[in-house]
Amino acid sequence: QVQLVESGGGLVQPGGSLTLSCSASGASFRLATMGWYRQAPGKRRDLVATITRGAVTNYADFVKGRFTISRDNVKNMVYLQMNSLQPEDTAVYYCNGAPPYNGAWGQGTQVTVSS
């Protein structure tokens, strides 16, 4: 069994910052590429960032230079540091990853950017 639990969302003003956390169960975590996704109401779920087991990262164009994904393979955690947040970043943020985590969508954590 695997499980992903997101936390850390909240309400922030434009230009503000938040750090999201994802707690991952499962012994295979350290071998799996992980990622953050987001979905706004009425919108598709978009890939935000990925990180390999060796901490090689990739980012969607709309967050490059603003967001940083990281992981702790000892604690089975994935993080998303979000800076310079904009209203367009408002969404439910989810973590996910390569198998066995691909079918383990959690509840996500709400990020709202508003003045």
Side-chain angles (χ1 to χ4, degrees):
Q1 292 184 330
V2 295
Q3 185 179 9
L4 300 170
V5 180
E6 302 92 343
S7 63
L11 174 64
V12 297
Q13 297 181 20
S17 299
L18 281 174
T19 298
L20 307 183
S21 298
C22 172
S23 178
S25 65
S28 297
F29 174 81
R30 65 182 182 87
L31 302 178
T33 293
M34 303 296 294
W36 284 95
Y37 297 74
R38 71 186 191 187
Q39 186 169 32
K43 304 293 185 179
R44 65 187 179 187
R45 182 156 54 196
D46 291 328
L47 180 63
V48 174
T50 61
I51 184 167
T52 70
R53 66 182 184 182
V56 176
T57 60
N58 281 284
Y59 298 92
D61 287 343
F62 51 82
V63 303
K64 284 182 178 177
R66 299 190 298 123
F67 291 10
T68 301
I69 187 172
S70 61
R71 69 190 296 161
D72 186 329
N73 287 341
V74 174
K75 298 180 179 179
N76 277 25
M77 297 288 291
V78 189
Y79 305 98
L80 186 67
Q81 174 67 48
M82 305 183 295
N83 300 320
S84 301
L85 285 162
Q86 303 169 20
E88 294 76 23
D89 296 315
T90 296
V92 178
Y93 284 71
Y94 302 87
C95 63
N96 206 260
Y101 293 100
N102 59 299
W105 295 101
Q107 293 300 116
T109 185
Q110 177 71 48
V111 173
T112 302
V113 185
S114 177
S115 60

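These numbers were taken from a predicted model, which means no experiment stands behind them. Computed over heavy atoms, backbone and side chain alike; hydrogens, waters and symmetry mates excluded.
Taking 4.5 Å as the limit, every side-chain heavy atom of Pro14 sits out of range of all side-chain heavy atoms of Gln86. By the 4.5 Å heavy-atom criterion applied to side chains, Asn96 and Leu4 are counted as neighbours. Contact of the Val2 side chain with the Phe29 side chain is not registered, since no non-hydrogen atoms from C-beta on lie closer than 4.5 Å. Residues Phe62 and Glu88 have side chains not in contact (no heavy-atom distance under 4.5 Å, counting atoms from C-beta outward).
Residues satisfying the side-chain hydrogen bond (donor to acceptor under 3.5 Å, both in side chains) criterion with Ser25, sequence neighbours excluded, are absent altogether. Applying the ring-ring contact (aromatic ring centres under 6.0 Å, His included) test to Tyr93 and every residue at least two apart in sequence or in another chain returns nothing.
Taking a 6.0 Å sphere around CD of Gln107, one finds it holds 12 or fewer heavy atoms contributed by other residues, nucleotides or ligands.
The structure places CE of Met82 at 11.0 Å from OG1 of Thr68, a figure rounded to the nearest 0.5 Å. Atoms CG and CZ, from Leu80 and Arg38 in turn, are 9.5 Å apart once rounded to the nearest 0.5 Å. With rounding to the nearest 0.5 Å, the separation of CD in Gln39 from CG in Asp46 is 8.5 Å. Rounding to the nearest 0.5 Å places OG of Ser70 at 12.0 Å from CE of Met34. In this structure, Glu6 CD and Cys22 SG are separated by 5.5 Å, a value rounded to the nearest 0.5 Å. The CZ atom of Arg71 sits 6.0 Å away from atom CD1 of Ile51, with the distance rounded to the nearest 0.5 Å.
With hydrophobic clusters built from ILVMFWY side chains whose heavy atoms lie under 4.5 angstrom apart, Val92 does not share a cluster with Leu11. If you chain together hydrophobic residues whose side chains sit under 4.5 Å apart, Val111 and Tyr79 never meet in one group. In the hydrophobic clustering of ILVMFWY residues, with side-chain heavy atoms under 4.5 Å counting as a link, Leu18 and Trp36 come out together.
Thr90 places a side-chain N or O within donor-acceptor distance of the main-chain N or O of Val113, the cut-off being under 3.5 Å. Checking side-chain atoms of Thr109 against main-chain N and O of Gly9 turns up a donor-acceptor pair under 3.5 Å.
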Could you pull out every donor-acceptor pair under 3.5 Å between side chains of residues 52-60 and any protein atom, sequence neighbours left out?
residue	atom	partner	partner atom	Å
Thr52	OG1	Gly54	N	3.2
Thr52	OG1	Ala55	N	3.4
Thr52	OG1	Val56	N	3.1
Tyr59	OH	Ile69	N	2.9

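Aromatic pair Trp105/Tyr37: centroids less than 6.0 angstrom apart.
Counting all heavy atoms, side chain and backbone alike, Pro99 lies closest to Ala32 at O-CB, 4.5 Å. When all heavy atoms of Tyr101 and Ala24 are compared, the closest pair comes out as CE2-CB, 4.1 Å.
In this structure, a donor-acceptor pair under 3.5 Å is absent between the side chains of Gln13 and Ser115.
Of the options Asn83, Leu20, Leu85, a side chain to side chain contact (heavy atoms under 4.5 Å, CB included) to Phe67 is made by Leu85 and by none of the others.
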